[in-house]
Amino acid sequence: MKPLSIVLLIAEAAAASALAAAATAFAIRQGAGPWIIHPALALVFVVVAGVLIWMGIQVRRFRAHKATWVDAVSAFRIAMFARASALGGVISAGLLAGMSLAFLARWEAQTSVYAGICGLMCALGAGLWGIAGVIVERWCVIDPKDDDTEVTKAHARRDKGTLGAQRVNARKSDVSEGRR
């Protein structure tokens, strides 16, 4: 799995921010009031980022062959959750930042300023969630070198074997050569 491009994520956040700022400014000019974004949303984003980091640490433990609850299938699921979190967090941060900037453009309206500040707090939380997703996704990437090392270690353990296993292999070679 190739990790997400940081440049592409930044471009997506900038596009989402510009689109949200334009749509919000247009809606305000048409007479709509500011949408109140509750600051608790920032806390939700931060909690999800913390859970994601914790699961990423478990994947790192799994890759280091330490005791953990993660297996190969759940490591893949965590990697996909990290990828989705990177995209979702970055785009959410862009949308919330764009809306907040449009609200803060109306500095004279107290409700707009409150909505803008709450939106920026939530954008910060969503940005942390996106950054956590990028970090955990990088932790879940398997390098081809790591895979070769694992295969080499498995072959070494298998080839080491016991004396009985060497006798079985010797008998197989005798049978294949026609000797009994």
Side-chain angles (χ1 to χ4, degrees), residues 1-28 32-64 66 68-107 109 111-147:
M1 177 177 79
K2 185 177 177 186
L4 292 171
S5 168
I6 302 290
V7 174
L8 183 63
L9 288 173
I10 292 171
E12 289 172 351
S17 180
L19 184 64
T24 304
F26 177 75
I28 289 173
W35 301 282
I36 303 300
I37 303 164
H38 199 280
L41 183 60
L43 181 63
V44 171
F45 286 139
V46 170
V47 167
V48 172
V51 169
L52 181 62
I53 292 285
W54 176 75
M55 289 191 305
I57 290 170
Q58 298 305 311
V59 170
R60 289 185 68 169
R61 290 179 56 83
F62 172 71
R63 289 185 63 197
K66 294 182 180 176
T68 183
W69 57 270
V70 174
D71 59 355
V73 174
S74 58
F76 177 72
R77 289 179 181 154
I78 292 168
M80 291 298 101
F81 177 55
R83 178 172 275 221
S85 294
L87 285 168
V90 167
I91 290 174
S92 295
L95 289 171
L96 289 165
M99 288 173 52
S100 297
L101 293 176
F103 292 149
L104 290 174
R106 298 183 62 211
W107 192 253
T111 307
S112 289
V113 172
Y114 175 74
I117 291 171
C118 290
L120 286 177
M121 287 172 38
C122 292
L124 181 64
L128 290 174
W129 179 36
I131 291 169
V134 169
I135 291 169
V136 172
E137 184 192 23
R138 298 294 192 271
W139 287 348
C140 293
V141 172
I142 298 174
D143 296 330
K145 294 177 218 163
D146 289 347
D147 206 23

To the closest 0.5 Å, what do you measure between [atom1] ([X]) and [atom2] ([Y])?
| X | Y | atom1 | atom2 | value |
| --- | --- | --- | --- | --- |
| Tyr114 | Ile37 | OH | CD1 | 10.5 Å |
| Trp35 | Phe103 | CH2 | CZ | 5.5 Å |
| His38 | Cys122 | NE2 | SG | 9.0 Å |
| Thr68 | Arg60 | OG1 | CZ | 12.5 Å |
| Ile78 | Trp139 | CD1 | CH2 | 11.5 Å |

Task: Shortest non-hydrogen contact between Cys140 and Val59, atoms and distance - done: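 Closest pair (atom of Cys140, atom of Val59, distance): SG-CG1, 3.8 Å.
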
TODO: Compare every heavy atom of Gly89 with every heavy atom of Trp129, then report the nearest pair and how far apart it is.
DONE: CE3-CA, 3.4 Å

Solution key, residues 95-102 side-chain donor-acceptor pairs under 3.5 Å, sequence neighbours excluded:
unit_1 : atom_1 : unit_2 : atom_2 : d
Ser100 : OG     : Leu96  : O      : 2.8
Ser100 : OG     : Gly116 : O      : 3.3
Ser100 : OG     : Leu120 : N      : 3.1

Task: Student check: side-chain heavy atoms of Leu128 and Phe45 closer than 4.5 Å - done: no

Open item on the list: Just checking Arg83: does its CZ atom have more than 12 heavy atoms from other residues, nucleotides or ligands closer to it than 6.0 angstrom?
Closed with: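 Count over threshold, so yes.
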
Open item on the list: If you count heavy atoms of other groups shown closer than 6.0 angstrom to CH2 of Trp69, is the number above 12?
Closed with: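 Count over threshold, so yes.
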
Under 3.5 Å, which donor-acceptor pairs do the side chains of residues 2-16 form with other protein atoms, sequence neighbours left out?
unit_1 : atom_1 : unit_2 : atom_2 : d
Ser5   : OG     : Val7   : N      : 3.4
Ser5   : OG     : Leu8   : N      : 3.4

Task: Donor-acceptor pair, side chain of Thr24 and main chain of Ala21, under 3.5 angstrom - done: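 Here the side-chain-to-backbone pair does not exist.
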
Open item on the list: Could you check whether any side-chain N or O of Arg106 sits under 3.5 Å from a backbone N or O of Thr111, counting only pairs where one atom can act as donor and the other as acceptor?
Closed with: no

